[in-house]
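Indexing begins at 1, ligand by ligand and atom by atom, following the structure's order.
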Amino acid sequence: MRIFSGIQPTGQLHIGNYLGAIKQWIKLQETNECIFSIVDLHAITVPYNSKVFSEVVLSKAIEYLACGLDPEKSIIFIQSQVKEHTELAWLLNTVCPLGDLRRMTQFKDKSKKFKNNINAGLFNYPVLMAADILIYQTDLVPVGKDQGQHVELARSVAKKFNKTFGNVLTVPKVVFPTMGAKIMSLEDPTKKMSKSTPASCLFLIDEPKTIEKKIMRATTDSGKKIVYDIKKKPGISNLLTIYSLFSGHSIKELEKEFKGKNYSEFKKSLAKTLINGLEPIRRKTKELTNRDVYIKEILNKGAKRAQVLASSTMEKVRGSMGLLKLD
Ligand code: AMP
Ligand code: TRP
């Protein structure tokens, strides 16, 4: 299977990104042909700091590698290095109905949040995302729940393209993790953990003390029991999900283990599990920091490999759309 996914270089990676997306990627790279991108062109659709942007992009590559993405097994590259993404995005713009883009909840949310900068790029964001996926003839797109609507749009654009111009593009499928597809905020467990609200997040490279502080402070529910009940106890349910995914114990086992114990005992134990679970990522991130030459070499190689695949699709797309080819 051909796999494609990406993460925007905005803020640090948090455990939602890890459990919703990256953890799946690491498993998938063992038996599939995987392509993972740092999607910088998506990140610039909202206000950002151009002075430090290239550093943020490099730090994202470090985080990818520290999490266990392996450049020997997967193609790892920066989106803007493979120009075919933007070329295909333009062509797909002519296929994608305006009404479909207007329905995108992420666009609605972000245009509320960035009222003074509702640019055309933000609106067309899902078309570029469709291009990212379709240019590699991707079979599977592993993402968290919030990206489901965008992948659905990529599917419908591919179908419409094929219907109009012939069977050129693979129609991809989305894959969500069975658990952890939507990790909730530590502050407000009715909202998604999101980089744009740092206080809601547990970051992968948070120091042990910070992890403990954040978990002990995490919003919980009234009552005393450690039981999974998403409606009545969203806070404890979210923490149980995180605990289960980091410990490998099922939620049922955890409920049994913490029967009769209080929230504070449960949280202390969870913090310990997270400190241990995230230790290798923290350590590898430190090891890779300041190894710019090595990181850039990986990204360069990745972009070259990706471009071979991307240009092959572009050749077919251009031909099927009737764009003149000069010898
Ligand atoms: P982003 O941080 O928006 O670039 O998201 C990168 C990946 O992480 C995407 O696949 C998202 O669906 C996933 N993701 C982001 N936030 C969460 C969350 N709170 N829970 C689960 N997955 C998430
Ligand atoms: N929009 C995705 C996010 O915010 C990132 C992304 C861009 C992506 N292109 C993609 C994810 C293609 C999967 C496939 O999380």
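For ligand 2, the atoms closer than 4.0 angstrom to any heavy atom of His42 are 7 (C), 9 (N). Residue Val141 has at least one heavy-atom neighbour below 4.0 Å for each of these atoms of ligand 2: 13 (C), 14 (C). Within ligand 1, the atoms closer than 4.0 Å to a non-hydrogen atom of Lys182 are 20 (N), 21 (C), numbered from 1 in the order shown. If you number the atoms of ligand 1 from 1 as listed, the ones under 4.0 Å from a heavy atom of Ala21 come out as 7 (C), 8 (O), 10 (O). Residue Ser5 has at least one heavy-atom neighbour below 4.0 Å for each of these atoms of ligand 2: 13 (C), 14 (C). Listed by atom number, the atoms of ligand 1 under 4.0 Å from Gly180 heavy atoms are 21 (C). Annotation for ligand 2: atoms under 4.0 Å from non-hydrogen atoms of Phe4 are 12 (C), 14 (C). Every atom of ligand 2 with a heavy atom of Val143 under 4.0 Å away is listed here by number and element: 11 (C), 13 (C). For ligand 1, the atoms lying closer than 4.0 Å to a non-hydrogen atom of Gly20 are 21 (C), 22 (N). Taking a cut-off of under 4.0 Å to the non-hydrogen atoms of Lys192, the atoms of ligand 1 that pass are 19 (N). The distance from ligand 2 to the heavy atoms of Gln147 drops below 4.0 Å at these ligand atoms: 1 (N), 2 (C), 3 (C), 4 (O), 15 (O).
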For salt bridge (Lys or Arg N to Asp or Glu O under 4.0 Å), just list the numbers for Glu315 and Lys325, CA-CA rounded to whole Å, side-chain angles, deciding distance to a tenth of an Å, and then say yes or no.
CA-CA 9 Å; Glu315 176 101 12; Lys325 185 179 177 192; 3.0 Å; yes
Set out, in order, the CA-CA distance, both residues' side-chain angles and the distance that settles ring-ring contact (aromatic ring centres under 6.0 Å, His included) for Tyr125 and His42, then state yes or no.
CA-CA 6 Å; Tyr125 176 116; His42 279 102; 4.2 Å; yes
What do the steps show when you test Asp146 against Lys192 for salt bridge (Lys or Arg N to Asp or Glu O under 4.0 Å), and what is the final call?
CA-CA 9 Å; Asp146 61 332; Lys192 183 186 83 153; 2.8 Å; yes
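At least one N or O atom of Met193, backbone or side chain, sits closer than 3.5 Å to an N or O atom of ligand 1. The N/O atoms of Tyr125, backbone and side chain alike, include one that comes under 3.5 Å of an N/O atom in ligand 2.
Using a 30° and 60° split on the angle between ring planes, Phe123 and Phe107 fall in the perpendicular class, above 60°. Note: Tyr136 and Phe4 have parallel aromatic rings, judged against thresholds of 30 and 60 degrees for the angle between ring planes.
In this structure, Trp25 contributes its side chain and Phe36 its backbone to no donor-acceptor pair below 3.5 Å. No donor-acceptor pair under 3.5 Å is formed between the side chain of Asp139 and the backbone N or O of Pro172. Under a 3.5 Å cut-off, the side chain of Asp206 and the backbone N or O of Ile211 do not form any donor-acceptor pair. Remark: the backbone N or O of Ile76 is not paired with any side-chain donor or acceptor of Ser74 at under 3.5 angstrom. Within the 3.5 Å criterion, the main-chain N or O of Ser37 finds a donor-acceptor partner in the side chain of Tyr64. Of the possible polar contacts, none joining the Asn32 side chain to the Cys34 backbone as a donor-acceptor pair under 3.5 Å is found.
Here Gln8 has heavy atoms under 4.0 Å from ligand 1 in both its backbone and its side chain. Looking at Gln8 against ligand 2, only its side chain comes within 4.0 Å, counting heavy atoms. Contacts between Lys195 and ligand 1, counted as non-hydrogen atom pairs separated by less than 4.0 Å, involve the side chain only. Of all the heavy atoms of Ala181, the ones lying under 4.0 Å from any atom of ligand 1 belong exclusively to the backbone. No part of Ile7 comes within 4.0 Å of ligand 2, judged by heavy-atom distances. At a heavy-atom distance under 4.0 Å, no atom of Asp146 approaches ligand 2.
Among protein heavy atoms, atom 10 (C) of ligand 2 sits closest to Met129 CG, 3.4 Å. Distance from atom 10 (O) of ligand 1 to its nearest protein heavy atom, with residue and atom name: Gly144 N, 3.1 Å. The protein non-hydrogen atom at the shortest distance from atom 20 (N) of ligand 1 is Ile183 N, 2.8 Å. Protein heavy atom in closest approach to atom 5 (O) of ligand 1: Asn17 ND2, 3.5 Å. The shortest contact between atom 5 (C) of ligand 2 and any protein heavy atom is with Gly6 O, 3.6 Å. The protein atom (non-hydrogen) at minimum distance from atom 22 (N) of ligand 1 is Gly16 O, 3.1 Å.
Here Glu63 pairs with Lys60 in a salt bridge; the nearest charged N to carboxylate O distance falls below 4.0 Å. Using a cut-off of 4.0 Å between Lys/Arg side-chain N and Asp/Glu carboxylate O, Arg318 and Glu87 are scored as salt-bridged.
At least one heavy atom of His14 sits closer than 4.0 Å to an atom of ligand 1.
Residue nearest to atom 12 (O) of ligand 1, selected from Ile38, Val151, Asp146: Asp146 (by heavy-atom distance). Atom 9 (N) of ligand 2 has its nearest heavy-atom neighbour, among Asn17, Leu128, Asp132, Val151, in Asp132.
For the residue pair Gln147/Gln106, the side-chain donor-acceptor check at 3.5 Å is satisfied.
A cation-pi contact links Lys145 to Phe176, judged by a cut-off of 6.0 Å to the six-membered ring centre and 45° from its axis.
Centroid-to-centroid, the aromatic rings of Phe53 and Tyr48 come within less than 6.0 Å.
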